[in-house]
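Every chain is numbered from 1, with letters handed out A, B, ... down the list of sequences. Only heavy atoms go into these numbers, but all of them, side chains included; no hydrogens, no water, no symmetry mates.
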There are 2 protein chains.
Amino acid sequence: MISNAINTRKKNIRETVLNSALHLFTVKGYFNTSVPDIVKHSACSTGSIYHHFADKKSIAEALYNCLVERMETSLNEINQNYDTTKQRCYQIIKLLFELTENEPEVMRFMLFSKHREFIADIAPICSTKPFMIMRDLVAAGMESNEVQIMDKMVAVSVMFGGALRLIQLRLDNVLKEPVQDKLEDVFTYSWKAIENNTE
Amino acid sequence: MISNAINTRKKNIRETVLNSALHLFTVKGYFNTSVPDIVKHSACSTGSIYHHFADKKSIAEALYNCLVERMETSLNEINQNYDTTKQRCYQIIKLLFELTENEPEVMRFMLFSKHREFIADIAPICSTKPFMIMRDLVAAGMESNEVQIMDKMVAVSVMFGGALRLIQLRLDNVLKEPVQDKLEDVFTYSWKAIENNTE
DNA sequence: GTCTATATCCAGATAGAC
DNA sequence: GTCTATCTGGATATAGAC
């Protein structure tokens with residue numbers, strides 16, 4: 001789930017701990033989760049955990065980097081498999097919505113934890129790398145005349161802001177239905193906002 | 001700043017503490033702020049603080065309720081002073097953008113702290129009351145034919161998602177310019193997404 | 001109502017056997 | 001590499017003088 005480690009058979013403490021941490025961090029929050037909590041949930045000993053991770057903070061960091069990397073890979077795949085900006089944007093929202101329903105914990109941790117509160121020097125670049133892919137994607141759409149010329153930050157925010165907002169509402173359980181039910185709608189309207197129809 | 005207390009002259013510990021707490025919570029985060037930190041910053045003693053607040057959590061609660069209430073008032077004022085959905089949406093985004101630049105701490109605390117992590121029983125209704133005002137506003141726009149008929153959650157998310165996303169980028173310092181510079185653009189494009197032009 | 005001094009608890013982290 | 005037992009600091013919260 002977390003890593004695509006090679007040695008899947010031998011009990012991998014690192015991975016076990018990361019899975020427990022992901023669960024506990026998203027359910028109780030980082031600060032409400034103690035290392036003893038992780039010990040209990042993962043059934044790994046304190047000693048083992050501290051053998052594999054320098055400290056509690058490092059667990060969160062490893063988790064974060066791992067998930068961001070996975071997201072980056074998925075986004076790059078979408079860029080390879082689809083050619084128009086419109087298709088790519090659609091696929092990205094689809095991916096985000098699927099993740100929200102299938103792995104809400106992952107989504108919650110990636111999008112809505114305040115990482116800066118517990119990860120000391122989060123590389124601002126890394127933190128926003130998936131964001132940058134999306135921004136560049138929209139910018140490319142402007143060059144190919146698919147998207148209206150406008151401020152790039154505005155374009156990417158308008159294109160994905162609605163979907164991200166829906167995800168948040170869903171994770172907060174304000175939205176009761178699966179967020180996928182809204183996929184076609186939210187894409188259609190968000191795209192309508194930025195598309196260039198003065199062809 | 002925080003409260004409109006009557007007795008502004010006599011040193012008001014409650015208010016002083018709330019101001020310090022807002023500052024510290026947004027800069028360092030709730031969990032990285034200790035009561036001794038608040039003691040130092042506010043220059044109020046531990047004893048005084050615990051005389052006015054049951055515990056640390058209660059400080060955050062008081063702060064949160066106070067800010068949400070203020071926001072609610074502002075939104076209601078906008079509803080009174082403007083009649084079309086379009087104008088109201090514009091004014092709401094304008095308000096949010098002004099708050100972002102003038103009182104970024106307030107904005108950060110309201111929009112992006114994970115309150116559920118530290119406020120025990122946050123009334124889900126209260127937590128989303130400003131959200132509900134916005135939703136109802138957009139819904140009213142559908143009845144008056146200003147806004148296309150669509151799922152209300154989708155509509156409110158698309159209408160305000162872009163602006164909220166820009167605010168987040170600004171608070172995270174990814175966006176370097178004042179977010180107001182984007183006001184006209186983000187409103188224009190977001191509104192374009194949901195407006196009804198089959199009049 | 002405000003203060004200082006202090007009790008209590010438990011988190012994060014380490015030591016050292018196996 | 002994994003474990004149990006334990007240290008230590010600092011956090012929340014209280015006691016009690018003024």
Side-chain angles (χ1 to χ4, degrees), chain A residues 2-3 5-64 113-121, chain B residues 3 5-64 113-115 117-121:
Chain A
I2 292 293
S3 98
I6 313 274
N7 47 353
T8 45
R9 248 333 85 195
K10 62 167 70 169
K11 181 187 163 200
N12 189 335
I13 290 213
R14 231 187 118 79
E15 197 165 343
T16 309
V17 168
L18 287 179
N19 275 310
S20 288
L22 175 61
H23 176 73
L24 293 167
F25 288 170
T26 50
V27 170
K28 305 163 49 128
Y30 174 81
F31 289 101
N32 291 322
T33 300
S34 66
V35 173
D37 287 340
I38 300 177
V39 169
K40 273 170 230 150
H41 187 274
S42 67
C44 301
S45 68
T46 315
S48 288
I49 293 179
Y50 277 98
H51 178 78
H52 289 273
F53 298 94
D55 48 23
K56 184 184 162 187
K57 197 186 62 190
S58 304
I59 300 177
E61 271 173 16
L63 196 52
Y64 182 78
S113 341
K114 296 302 298 166
H115 306 101
R116 275 162 218 272
E117 278 192 27
F118 51 86
I119 302 183
D121 273 318
Chain B
S3 95
I6 313 272
N7 46 352
T8 45
R9 250 329 89 193
K10 62 167 72 169
K11 183 185 163 202
N12 189 335
I13 290 212
R14 230 186 119 79
E15 196 165 343
T16 308
V17 168
L18 287 179
N19 275 310
S20 288
L22 174 61
H23 176 73
L24 293 167
F25 289 170
T26 49
V27 170
K28 306 164 48 129
Y30 174 82
F31 290 100
N32 291 322
T33 300
S34 66
V35 174
D37 287 339
I38 300 177
V39 169
K40 273 169 229 148
H41 187 274
S42 68
C44 301
S45 69
T46 315
S48 287
I49 293 179
Y50 277 98
H51 177 78
H52 288 274
F53 298 94
D55 48 24
K56 184 183 162 188
K57 198 186 62 190
S58 303
I59 300 177
E61 272 173 15
L63 198 51
Y64 181 77
S113 341
K114 299 301 298 167
H115 305 101
E117 279 191 28
F118 51 86
I119 302 183
D121 273 317

Between C/dT4, D/dT2, C/dA13, which one does the side chain of A/Asp55 approach most closely? C/dA13
In whole angstrom, give the distance that lies between atom CZ of A/Phe31 and atom P of C/dC10. 19 Å
I want to check something: taking the side chain as every heavy atom from C-beta on, are B/Phe118 and B/Ser113 in contact at a cut-off of under 4.5 Å? yes
Check every strand shown and say whether B/Pro36 touches a base, only sugar-phosphate, or nothing at a heavy-atom separation below 4.0 Å. base
For atom CZ of B/Phe118 and atom C1' of D/dA11, their distance in whole Å: 17 Å
Would you indicate what B/Ser34 reaches in the nucleic acid, counting non-hydrogen atoms under 4.0 angstrom: base, sugar-phosphate, or nothing? sugar-phosphate
For the pair made of NZ in B/Lys56 and P in D/dA13, what is the distance, rounded to whole Å? 9 Å
Just the rounded figure in Å: distance from C1' of D/dT14 to CD1 of B/Ile49. 14 Å
Separation of D/dA13 atom C1' from B/His52 atom NE2, nearest Å, is 16 Å
Rounded to the nearest Å, what distance is computed from the CG atom of residue B/Asp37 to the P atom of nucleotide D/dA11? 7 Å
Out of C/dG12, D/dA5, D/dT12, minimum distance to the side chain of A/Thr46 belongs to D/dA5
Whether B/Asp37 side chain and B/Thr33 backbone form a donor-acceptor pair below 3.5 Å: no
By nearest-nucleotide position on DNA chain C, the 5'-leaning member of A/Lys57 and B/Gly47 is B/Gly47
Indicate whether OP1 or OP2 belonging to D/dG1 is found under 4.0 Å from a side-chain N or O atom of A/Ser48. no
As a quick check of understanding, evaluate side-chain hydrogen bond (donor to acceptor under 3.5 Å, both in side chains) for B/Ser58 and B/Asp55, giving each step before the final call. CA-CA 5 Å; B/Ser58 303; B/Asp55 48 24; 2.7 Å; yes
Mind checking whether B/Phe31 and A/Phe31 have parallel, tilted or perpendicular rings, split at 30° and 60°? parallel
Rounded to the nearest Å, what distance is computed from the NE2 atom of residue B/His51 to the C1' atom of nucleotide D/dT12? 19 Å
Let me know the distance between CZ of B/Phe53 and C1' of C/dT2, rounded to the nearest Å. 15 Å
Can you name the one residue among A/His115, A/Lys57, A/Glu117 that meets side-chain contact (heavy atoms from CB on, under 4.5 Å) with A/Tyr30? A/Lys57
Nucleotide nearest A/Tyr50 (side chain, heavy atoms from C-beta), chosen from C/dA13, D/dT14, D/dT2: C/dA13
